Amino acid sequence: MKYWLVKSEPSSFSWDDLWSSPKRTTSWEGVRNYQARNFLREMKRGDRVLFYHSSAEPNAIVGIAEVAREAYPDPTQFEKKHEMYDPKSTRDDPRWSTVDLKAVRAFPRPLTLPELRDAPGLDKMTLLQKGSRLSVSAVTPEEWRVVTGLAGVSDAG
DNA sequence: GCCAACGTTGGC
DNA sequence: GCCAACGTTGGC
């Protein structure tokens, strides 16, 4: 099992939005960055995913989700009227992928960006790198252990 | 609101 | 293939 992190601006889609979705699950549509897309394509059912609120008050990891469905073509790339429509993508060779994410558990409290920056063992974490804008990133098992430890949760699900 | 950092586009 | 210009992200 691998570990990941996804960012979302809560003003567009928050942890609470995920939690209140049918089956606590949503399709993670709209990723339009190749590196992030490649990570989506690597995800396996059951992989664990940290859910991060960006441009938020506070900026923080707020919960754990899991991969409920592995990568499939992002339908929004074919919808002409959709904001994320990509005229260069074809049905034969879809350019963009999405996965389904399911909320597993909320953190007891948000684990804020300053706390993450202060934590020993997270200095290499993609989220914390200067200028990192990647909306989907890989998390190492050690980083996962540190983050869930700080949050005071086990990963029992 | 500012602006550094980044990814993408397009002219050459 | 290079790289300047541009648009976007996202912390502050």
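This one's a predicted model, so the numbers in the text were calculated from it and none came from an experiment.
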Using a 3.5 Å cut-off and no angle test, enumerate the donor-acceptor pairs between side-chain atoms of residues 117-124 of chain A and protein atoms at least two apart in sequence or in another chain.
| from | atom 1 | to | atom 2 | distance (Å) |
| --- | --- | --- | --- | --- |
| A/Arg117 | NH1 | A/Leu128 | O | 3.1 |

Residue set satisfying side chain to side chain contact (heavy atoms under 4.5 Å, CB included) with A/Arg41, at least two apart, ordered chain then number -> A/Arg37, A/Ala71, A/Ser97

Each residue besides A/Phe13 in its hydrophobic cluster should be listed here, by chain and number; the cluster joins Ile, Leu, Val, Met, Phe, Trp and Tyr at side-chain heavy-atom distances under 4.5 Å. A/Trp4, A/Val6, A/Trp15, A/Leu18, A/Trp19, A/Trp28, A/Val31, A/Phe39, A/Leu40, A/Met43, A/Val49, A/Phe51, A/Val62, A/Val67, A/Val99, A/Leu101, A/Leu134, A/Val136

Connected hydrophobic set around A/Trp96, excluding itself, where side chains approach under 4.5 Å: A/Tyr34

Can you sort out the partners of A/Glu29 under salt bridge (Lys or Arg N to Asp or Glu O under 4.0 Å), two or more places apart, ordered by chain and number? none

Which salt bridge (Lys or Arg N to Asp or Glu O under 4.0 Å) pairs, counting each pair once, include a residue from residues 129-141 of chain A, with sequence neighbours left out? none

Check DNA chain B against residues 117-124 of chain A and give the residues with a non-hydrogen atom under 4.0 Å, in numerical order. none

Extract, from 5' to 3' on DNA chain B, the first and final nucleotides lying under 4.0 angstrom from some heavy atom of chain A. B/dA5 to B/dT8

Which residues pass the salt bridge (Lys or Arg N to Asp or Glu O under 4.0 Å) test with A/Arg24, sequence neighbours left out? none

